[in-house]
Protein chains: 2
Amino acid sequence: MSIKKEITIYDLAKELNYSPSTISRALNDHKSISKKTVQRIKNAAEEMGYRPNTLAAGLRNNKSKTIGISISRINRPFMSSLISGIEEAARNAGYNVIISQSDDKYKNELSNTKALYDSRISGLIVSLSMETSDYKHFNQFIDQGIPVVFVDRVPASLNSYKVVIDNYSAGYSATKHLIEQGCKRIAHFAGAQHRNVYEERKKGYVDALKEHGLPVEKELIKYFKTLSFEEGRKTTAKLMALPNPPDGIFSANDTAAVSAIIYAKSMGIKVPEDLAIIGFNDDPISSIVDPALSTVSHPAAKMGEISAKRILEHSRANYDKTISEVTILNTELIIRDSSNRAKALLKSKKSRQPKT
Amino acid sequence: MSIKKEITIYDLAKELNYSPSTISRALNDHKSISKKTVQRIKNAAEEMGYRPNTLAAGLRNNKSKTIGISISRINRPFMSSLISGIEEAARNAGYNVIISQSDDKYKNELSNTKALYDSRISGLIVSLSMETSDYKHFNQFIDQGIPVVFVDRVPASLNSYKVVIDNYSAGYSATKHLIEQGCKRIAHFAGAQHRNVYEERKKGYVDALKEHGLPVEKELIKYFKTLSFEEGRKTTAKLMALPNPPDGIFSANDTAAVSAIIYAKSMGIKVPEDLAIIGFNDDPISSIVDPALSTVSHPAAKMGEISAKRILEHSRANYDKTISEVTILNTELIIRDSSNRAKALLKSKKSRQPKT
DNA sequence: ATAGCTAACGAAATCGTTTTCGTAAACATA
DNA sequence: TATGTTTACGAAAACGATTTCGTTAGCTAT
């Protein structure tokens with residue numbers, strides 16, 4: 001009802017007989033103000049209910065305490081966890097987080113980053129859209145000394161902060177695991193190869209086959225557009241209709257892997273006995289599908305947290321240029337039933353025993 | 001590298017021999033500037049690469065073109081879809097979205113809304129934390145004429161914008177569906193009863209039982225703290241160990257419902273024949289679990305979109321007070337295998353036929 | 001012709017902080 | 001004593017857009 005007047009540093013200045021400059025400095029812990037004065041001022045600020053006007057500060061500094069995010073879509077498990085991690089770290093440091101979705105379109109990523117730039121963000125965290133192959137739109141940030149952190153889907157060339165997992169090793173381990181389960185013909189559901197994550201996962205797959213003396217067959221490597229459920233279903237159908245179908249699948253994501261499990265079950269193909277399957281991401285669906293999907297877990301929230309911290313550090317240190325620094329996080333191979341042939345064998349023996 | 005000077009309305013004014021006032025008005029389509037001039041100015045602005053400084057405008061207006069969100073956690077299917085819808089609508093209107101997570105703690109919701117208030121948001125979209133029972137922290141917004149939209153989890157009392165689904169009817173329909181499937185003893189996984197959504201779902205359940213001549217038994221209504229997987233598992237175990245166990249479950253969310261399915265399967269209890277189960281939300285896991293979970297679908301993204309639009313309208317209309325306006329969206333009952341006894345019966349007959 | 005009106009624009013204050021130069025006092029040094 | 005050096009603070013100009021009052025010119029009605 002009654003519109004309360006917001007109190008400003010001028011009000012504090014008048015009240016305490018200091019100049020606004022001193023108030024400002026005291027509130028920001030500037031060293032040239034004595035500890036005593038700082039305390040006095042902070043106490044008064046607290047008492048009088050002073051609240052900093054971030055817009056004014058932002059205008060003056062040409063920078064707002066805000067971290068911008070550009071991602072494909074929020075409503076995917078990996079992305080929402082990533083954001084969750086970013087938000088938590090940012091808020092603890094008094095930063096806001098503003099998000100924008102590209103929907104995997106280059107055009108949207110372009111306009112979103114422009115809008116974020118106009119919002120005078122302190123830093124940008126990006127997971128590239130599927131379509132992006134030109135990175136000029138990030139130069140405006142880098143040129144201005146605004147840190148850009150690429151996370152997960154990163155550009156190969158650009159010098160900047162990067163937070164990633166070791167996709168190559170993860171792909172290698174996942175494939176090796178299938179080989180150890182006795183698979184001889186392992187198919188791969190590959191994502192768009194210009195995105196580092198999918199390219200590297202595939203490389204890991206290829207090298208694992210080679211190093212274990214298995215042939216790399218083109219007909220077993222399927223390139224997906226979106227790694228969607230529907231795409232996975234169709235691809236699995238094609239693969240299993242081959243004269244010599246695969247006995248294992250390493251999918252670059254869980255959605256497609258789950259669709260393969262479900263398709264296989266519907267066709268009476270036994271998972272993992274006839275077809276061992278492993279996915280990537282450890283989405284919630286992977287532990288719900290039956291048999292539960294083996295997968296590679298991705299520390300999404302942690303990646304978000306680290307990305308945010310890179311920006312906070314950069315801002316604190318007041319670097320004038322973006323520094324090139326790559327952080328590589330560990331993944332974890334999670335073995336569930338969809339690839340665990342030993343366990344499946346044991347179970348089928350047990351279930352046959354009562355009959356004998 | 002070269003720090004380009006941002007051009008301002010002053011630069012435009014100098015270039016075109018107008019005053020900054022005119023430039024500002026022209027860019028905002030103020031009526032007192034002639035169409036010709038507006039065009040000239042807009043063209044020049046485009047050409048010279050002018051970009052509005054939202055911070056300066058925000059400072060002057062004491063309001064930034066930003067929508068604040070306060071929710072429990074981002075990384076849940078419903079919430080991420082909600083945000084996705086908000087973000088899309090907001091961005092189309094040139095608004096930014098800043099999010100904050102309460103983690104279902106009242107304390108966090110309090111400090112987050114304070115921070116959002118300090119950010120001079122144009123409007124706030126809230127889905128209440130589980131703990132919240134005091135709504136004073138929203139008064140600062142309402143008193144200032146800043147619109148507050150409550151979505152999904154809304155307060156019963158406060159006069160404000162609300163965007164909800166008809167939880168009562170949904171709960172009633174879900175329960176009625178189980179009754180129609182022949183269930184006689186239907187259990188309910190209920191959420192915290194001070195949150196409208198859970199209270200209303202339960203009411204729908206109770207009334208459906210009553211109106212169909214079934215007794216409402218206290219031992220079959222289980223109150224959950226978080227409706228988590230683990231909680232669901234334990235609760236299902238207890239229920240099924242009763243001397244007279246239930247033959248149906250209506251769960252207030254999918255997570256708990258899925259845990260019930262998985263527990264039942266592990267115990268050899270047939271779903272839906274021995275135990276028909278229906279959930280709420282239509283999370284991705286519900287169509288992946290086997291048998292697939294019947295559930296109530298929640299138009300999450302749409303709710304986000306509408307919430308955002310309420311704020312945009314309010315801002316455009318320049319209302320000085322928050323208006324009380326409730327939007328109720330339709331839900332959809334999605335029948336899958338976990339409650340479809342007719343289909344299950346048919347299947348079991350078919351699978352027996354070959355033998356005869 | 002004069003008052004009254006409208007259309008189209010301008011001057012300058014304003015929003016609340018920050019920061020660049022200062023200055024003044026107190027103290028140390030040669 | 002004269003000269004630096006800190007320490008602790010202040011004046012005032014930014015930051016860029018908006019908006020409250022204007023003003024001026026041209027038109028209409030009487």
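Just so it is clear: chains get the letters A, B, ... in the order the sequence lines come, proteins before strands, and each one is counted from 1. Below, each value reflects all heavy atoms present in this structure, side chains not excepted, and no hydrogens, waters or symmetry copies.
- Taking atom NZ of residue A:Lys65 and atom P of nucleotide C:dG16, one finds them 20 Å apart after rounding to whole Å.
- Computed from coordinates, the B:Leu59 CG to C:dA13 C1' distance equals 13 Å when rounded to whole Å.
- Looking at A:Ser84 and B:Gln101, their side chains do bring a donor and an acceptor atom within 3.5 Å of each other.
- Of the candidate nucleotides D:dT18, C:dT19, D:dC9, D:dT18 has the atom lying nearest to any side-chain atom of B:Asn28.
- A:Lys63 NZ: more than 12 foreign heavy atoms inside a 6.0 Å radius.
- Considering only the side chain of A:Thr22, D:dG10 comes nearest among D:dG10, C:dC9, D:dA17.
- Look at B:Glu325 and B:Arg310 and you find a salt bridge, because one of the NZ, NE, NH1 or NH2 atoms lies within 4.0 Å of a carboxylate O, short of that distance.
- Straight-line distance from the CG atom of B:Asp118 to the P atom of C:dT17: 11 Å, rounded to whole Å.
- For D:dC9, the OP1/OP2 oxygens have a side-chain nitrogen or oxygen of A:Ser34 closer than 4.0 Å.
- For the pair B:Met48 CE and D:dG16 P, the interatomic distance rounds to 14 Å; values are reported in whole Å.
- Among the atoms of the strands shown, none is found under 4.0 Å from any heavy atom of A:Asp11.
- Side-chain N/O atoms of B:Asn62 include none lying less than 4.0 angstrom from OP1 or OP2 on C:dT14.
- At C:dT19, one or more side-chain N or O atoms of A:Asn61 fall inside 4.0 Å of OP1 or OP2 (strictly under the cut-off).
- Defined by atom type and a distance below 3.5 Å, a donor-acceptor pair is missing between the side-chain atoms of A:Tyr117 and A:His137.
- Phosphate proximity of C:dT17 to A:Tyr50: present, with a side-chain N or O under 4.0 Å from OP1 or OP2.
- Distance A:Lys35 NZ to D:dA8 P: 10 Å, rounded to the nearest Å.
- A donor-acceptor contact under 3.5 Å is not formed by the side chain of A:Arg60 with the base of C:dT17.
- The interatomic distance linking B:Arg25 (CZ) with D:dG22 (C1') rounds to 10 Å, in whole Å.
- Salt bridge B:Asp104/B:Arg76: present, at least one basic N to carboxylate O contact under 4.0 Å.
- Listed pair A:Thr37 / D:dC9 meets the phosphate criterion, a side-chain N or O lying under 4.0 Å from OP1 or OP2.
- B:Leu12 has its CG atom 12 Å from the P atom of D:dT18, to the nearest Å.
- Side-chain nitrogen and oxygen atoms of A:Thr8 include none within less than 4.0 Å of the OP1 or OP2 phosphate oxygen of C:dG16.
- Spacing between atom CZ of A:Arg120 and atom P of D:dA17 amounts to 8 Å, rounded to whole angstrom units.
- Counting atom types as modelled, A:Ser21 pairs a side-chain N or O with a base atom of D:dA11 as donor and acceptor under 3.5 Å.
- In this structure, the side chain of A:Ser307 engages the main chain of A:Met303 through a donor-acceptor pair within 3.5 Å.
- Of the two residues near DNA chain C, B:Pro20 and B:Ala56, the one whose nearest nucleotide lies more 5' is B:Pro20.
- Of the listed nucleotides (D:dT18, D:dG16, C:dT18), C:dT18 has the atom at the smallest distance from the side chain of A:Tyr10.
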